[in-house]
Amino acid sequence: METEEKSLKKAVLWEPDKDKKVRCKLCSHRCVIDERKVGRCNVRKNIDGVLYSLTYDKVCSANPDPIEKKPLFHFQPGTRSFSIATMGCNFQCDFCQNWQISQAAIENGQIDGEPITPEQIVEAAVRNGCKSIAYTYTEPTVFMELCNDCGRLAKEKGLKNIFVSNGYQTIEAIDFAKDWLDGINVDLKAFSEDYYKRLCKARLQPVLDTIRYIANQTNIWLEITTLLVPGENDSDDELKKIAEFIVTKANPDVPWHISRFYPQYKYLDSVPTPLESLERAYDIGRAAGLHYVYLGNVPGAKSENTFCYKCGRTLIERMGYKILANHIKKSCCPDCNTKIAGFEL
Ligand code: SF4
């Protein structure tokens, strides 16, 4: 083993295969990796029959963000979440909004970052008055080793841990994280295999399996985001399928964030999502029975607010990522006493 590689962090969730190959069990690509090769994410390498993380000590982003930016609207609203990332991803979305840090490792093996320890991350979170640590900007699943060490430490210090994820982790990975993972926002990007294959180089079904599992078999707080891309995933039929899936296979209390798309990265020949499409999606979500539907990237829209799904009372007033007022009393609507789902509302 070469000197540089001696300091690498041994990966979690893999098993040896024949001829010094390894099988990674972290995400649903389930790569079988030859000796001296990397997996599809390009940040996990087989060295002498052992899988290592190439990003454990390379933090490329660290910021105290409003938790509303993740977005999580029903989890410690109005607090800040110390948000970290390393480079890399297991998806290759043509419209990625963070492509500079998510795709560089895949495209040219670029892995930049600082050796910030879990202790330093937790200490920075506390110093910045954050109530949680968010593993975000890129896909946290592919830097699970850092999430795990940091998450356990954060928990000891009374902080919560949240993922902002594409939902492609395996059930084994969720089980691995569920002792310290408190909340997650999963992208449900579309409801067609063709969309996932063509635009993300991935599959839909594992994402659906993840959502079902988290909603029904864990205590992890779940919210879902769909980026509405004009002409790709914004038909009435597809939006109805997404909303009905959340209602029937997860829970009507799971907040659904419908986010406005702006042309990015390789997907430039499109207009931003028209406001009418977002409003149509909002209505479809509510008609399907979802209790909480939100429009994202539309600052000032009324649909950023939380309303009581029973009596319609405005409960949390928002302006972008800012909370203007929170009228929820003991997790209930102050007018009709309906329970409002969430964590530390
Ligand atoms: S995390 Fe996913 S893409 Fe990366 S090596 Fe493991 S199975 Fe492959």
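Atom set for the values below is all heavy atoms of this structure, side chains included, hydrogens, waters and symmetry mates excluded. Numbers here are sequence positions counted from 1.
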Using distance only, find each side-chain donor-acceptor pair of residues 89-97 under 3.5 Å and give its atom names and separation, not counting sequence neighbours.
residue : atom : partner : partner atom : Å
Asn90   : OD1  : Asn166  : ND2          : 2.9

Donor-acceptor pairs under 3.5 angstrom involving side-chain atoms of residues 330-345: please list them, not counting sequence neighbours.
residue : atom : partner : partner atom : Å
Asp335  : OD1  : Arg313  : NE           : 3.4
Asp335  : OD2  : Arg313  : NE           : 3.3
Glu344  : OE1  : Gln76   : NE2          : 3.0

Between Phe82 and Asn128, the two heavy atoms sitting closest are CE1-ND2, 3.8 Å
Residues Asp179 and Lys155: closest non-hydrogen pair is O-CE, 3.1 Å
Rounded to the nearest 0.5 Å, the CG atom of Leu181 sits from the CG atom of Asp175 at a distance of 11.5 Å
Electrostatic pair [X]-[Y], nearest N-O below 4.0 angstrom:
X      : Y      : result
Glu317 : Lys322 : no
Asp149 : Lys9   : yes
Lys58  : Asp112 : no

Applying salt bridge (charged side-chain N to carboxylate O under 4.0 Å, His left out) to Lys21 and not counting sequence neighbours gives Asp34
Hey, can you pull the donor-acceptor pairs under 3.5 Å for the side chains in residues 229-236, sequence neighbours left out?
residue : atom : partner : partner atom : Å
Glu232  : OE1  : Arg198  : NH2          : 2.9
Glu232  : OE2  : Tyr267  : OH           : 2.8
Asn233  : OD1  : Val229  : N            : 2.8
Asn233  : ND2  : Lys189  : O            : 2.8
Asn233  : ND2  : Leu227  : O            : 2.8
Asp234  : OD1  : Gly231  : N            : 3.1
Asp234  : OD2  : Gly231  : N            : 3.2
Ser235  : OG   : Glu238  : N            : 3.1
Asp236  : OD1  : Arg280  : NH1          : 2.5

Side chain to side chain contact (heavy atoms under 4.5 Å, CB included) filter on Glu119, not counting sequence neighbours, yields Thr117, Leu153
Residues passing the side chain to side chain contact (heavy atoms under 4.5 Å, CB included) test with Pro263, sequence neighbours excluded, are Phe261, Leu268, Pro272
